[in-house]
K.L.:
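Take a look at this one; I'll ask things after.
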2 protein chains.
Amino acid sequence: MANKGCIIRLSRYRNALLRLKALNFVKVFSENLADSARVTAVQVRKDFSLFGISGNRRGGYLIEELIAKISAILGKDEVQRFVIVGIGNIGQALLHYPGFKKSEIEIVAGFDIDQNKHNRQAAVPILPLEELGNFVEKNKIRFGIISVPDSAAQETLQLMLQAGIKGILNFAPICLKEPQNCVVRNLSLETELENIIYFTVLAEKEETGK
Amino acid sequence: MANKGCIIRLSRYRNALLRLKALNFVKVFSENLADSARVTAVQVRKDFSLFGISGNRRGGYLIEELIAKISAILGKDEVQRFVIVGIGNIGQALLHYPGFKKSEIEIVAGFDIDQNKHNRQAAVPILPLEELGNFVEKNKIRFGIISVPDSAAQETLQLMLQAGIKGILNFAPICLKEPQNCVVRNLSLETELENIIYFTVLAEKEETGK
DNA sequence: AATAAATTGTGATAAATTTCACATTAAACA
DNA sequence: TGTTTAATGTGAAATTTATCACAATTTATT
């Protein structure tokens with residue numbers, strides 16, 4: 001029913017709504033949300049329609065109400081806890097990324113094979129990889145982030161699956177196969193930058209071509 | 001003509017091809033690339049067809065040749081240099097992210113308003129934000145990464161535009177408007193994780209629903 | 001109370017993207 | 001050398017996603 005684009009937009013609407021709420025706004029129009037997410041107003045309303053979210057004809061939407069509804073859809077009625085495997089550059093950064101808090105996302109532990117990185121006392125402890133299974137089971141963790149080198153990505157996936165992880169964001173630049181019973185999203189920074197390079201060069205060509 | 005999905009797939013094919021080449025493979029079939037990028041073989045051939053890439057009927061594609069062709073499309077015939085504005089968690093991680101090298105991507109400098117972060121001597125220097133314009137102009141930089149808090153994202157965009165940056169990856173969880181003469185891609189980590197949460201919860205519901 | 005104006009909500013339409021079906025070609029084999 | 005087989009390449013069909021057009025409704029105005 002709802003596609004990935006739609007869910008990404010819902011996240012964006014929500015972010016905008018939280019900001020509006022912080023500024024004490026009460027009502028919002030589809031046009032406003034469209035601006036904030038860089039889409040059309042019809043798209044916003046279509047997205048809402050898909051989830052049975054309705055506003056007041058002529059009167060827009062109540063921000064509080066809208067946040068509550070979108071939050072429920074996105075599973076934000078409770079804090080969602082993640083573990084990270086691979087405490088390198090990216091893993092370390094995500095471990096303490098301040099933006100997660102307002103999204104009801106919590107990184108509860110990191111795991112690595114490198115002894116030097118282990119630290120049980122830290123606010124977000126970094127533990128030996130061997131403890132992943134136990135930790136996930138004991139703490140009922142459902143989500144994980146893979147930020148290991150690509151050569152280790154596949155086996156990290158296996159470990160996470162065995163541990164019972166149900167949703168994974170993979171930063172390794174290798175496209176992991178989505179297994180049964182687990183959602184995997186592959187996000188490679190290289191690929192993102194390459195994408196920008198391509199479309200920038202293309203735009204420049206079009207400009208000079210005209 | 002080519003859409004974003006297509007370019008992302010080309011990056012993925014290329015990554016897989018580089019690995020195959022490192023293993024001394026010579027030929028590859030659309031089926032192989034499809035596996036590596038988690039798409040269908042027809043999709044691979046359609047993508048190639050779009051760019052006039054052709055192989056040998058019955059004989060697949062020559063890896064070397066394919067890498068060269070895709071690299072040219074993705075602008076990898078030369079190293080592409082990026083600056084990063086905002087040396088916080090994410091910015092710091094990207095500054096030294098080892099995966100960029102093999103993708104012909106180089107981070108040449110970081111910029112921040114915080115004096116304590118400045119370091120001209122570092123391999124990748126971290127400079128005062130005021131120097132962004134000069135640096136970009138002098139070094140003919142075309143690409144930038146925004147990793148500042150969302151409250152500073154919009155003005156950072158303005159600075160980059162004034163400096164002459166033509167392609168931007170924005171990590172701030174605010175959707176920046178794509179200006180004239182500049183490509184902007186908004187990538188928010190929160191949003192990516194929310195996306196995974198949604199589809200994981202959905203899959204679980206479907207499972208129990210059945 | 002009647003009319004005008006502004007906004008939502010959605011079926012119908014259009015556009016974009018992917019998949020299908022199959023013609024074409026090259027290699028392998030008999 | 002002819003036949004079979006296994007791949008590519010691509011127009012057409014199907015599917016997915018976004019846009020359009022406009023009815024429905026609410027609020028504001030006269």
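Keep in mind the model is a prediction, meaning the values are calculated, not measured. We name chains A, B, ... by the order of the sequence lines, and we start the count at 1 in each one.
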K.L.:
Is there, by distance only and without an angle test, a donor paired with an acceptor across the side chain of B:Lys46 and the base of C:dT17 below 3.5 Å?
P.N.:
no
K.L.:
Show each protein N/O and nucleotides 21-24 of chain C N/O combination with a separation under 3.5 Å, one pair to a line.
P.N.:
residue, atom, partner, partner atom, Å
C:dT24, O2, B:Arg57, NH1, 2.7

K.L.:
Find the distance B:Ile7:CD1 to C:dT17:C1' and express it as a whole number of Å.
P.N.:
14 Å
K.L.:
Quickly work out the B:Lys27 NZ to C:dA27 C1' distance and round it to whole Å.
P.N.:
9 Å
K.L.:
Do B:Asp112 side-chain atoms and B:Ile87 backbone N/O form a donor-acceptor pair below 3.5 Å?
P.N.:
yes
K.L.:
Among residues 33-41 of chain A, which residues get a heavy atom nearer than 4.0 Å to DNA chain C?
P.N.:
none
K.L.:
Verify the distance criterion only: is there a donor paired with an acceptor across the side chains of A:Ser36 and A:Arg12 at less than 3.5 Å?
P.N.:
no
K.L.:
For the CG atom on B:Leu62, are there more than 12 heavy atoms of other groups (residues, nucleotides or ligands in this structure) within a distance under 6.0 Å?
P.N.:
yes
K.L.:
Of all nucleotides in DNA chain D with an atom under 4.0 Å from a non-hydrogen atom of chain A, which is the first and which the last going 5' to 3'?
P.N.:
D:dT17 to D:dT27
K.L.:
Between A:Gln43 and A:Asn56, name the one whose nearest nucleotide on DNA chain D is closer to the 5' end.
P.N.:
A:Gln43
K.L.:
Indicate the ring-plane relationship of A:Tyr61 and A:Phe48, choosing parallel, tilted or perpendicular according to the 30° and 60° boundaries.
P.N.:
perpendicular
K.L.:
Roughly how far, to the nearest 0.5 Å, is CZ of B:Arg19 from CG of A:Asp150?
P.N.:
5.0 Å
K.L.:
Excluding sequence neighbours, so at least two apart, what forms side-chain hydrogen bond (donor to acceptor under 3.5 Å, both in side chains) with B:Gln43?
P.N.:
B:Arg9
K.L.:
Please report the distance, rounded to the nearest Å, between CG in A:Asn3 and P in C:dT18.
P.N.:
12 Å
K.L.:
Please confirm whether B:Phe100 and B:Phe82 have ring centers closer than 6.0 angstrom.
P.N.:
no
K.L.:
Identify, between B:Lys4 and A:Phe29, the residue whose nearest nucleotide on DNA chain C lies closer to the 5' end.
P.N.:
A:Phe29
K.L.:
With a sphere of 6.0 Å drawn around CD of A:Glu106, does it hold more than 12 non-hydrogen atoms of other residues, nucleotides or ligands?
P.N.:
yes
K.L.:
Give the minimum heavy-atom separation between A:Glu194 and B:Ser11, together with the two atoms involved.
P.N.:
OE1-OG, 2.5 Å
K.L.:
Quick one, which residues of residues 59-72 of chain B touch DNA chain D with a heavy atom under 4.0 Å?
P.N.:
B:Gly60, B:Tyr61
K.L.:
So, the side chain of A:Asn89 versus the backbone of B:His96: is there a donor-acceptor pair under 3.5 Å, distance only?
P.N.:
yes
K.L.:
Strictly below 4.0 Å, N to O, side chains only: are A:Glu204 and B:Lys166 in salt-bridge contact?
P.N.:
no
K.L.:
Quick one: is C:dT18 close enough that its OP1 or OP2 comes under 4.0 Å of any side-chain N or O from B:Arg9?
P.N.:
yes
K.L.:
When the distance from CZ of A:Arg58 to C1' of C:dT7 is rounded to whole Å, what number comes out?
P.N.:
7 Å
K.L.:
For A:Lys177, give me all partners under salt bridge (charged side-chain N to carboxylate O under 4.0 Å, His left out), at least two apart in sequence or on another chain.
P.N.:
none
K.L.:
Between A:Phe51 and B:Tyr198, what is the ring plane arrangement, given parallel below 30°, perpendicular above 60°, and tilted in between?
P.N.:
perpendicular
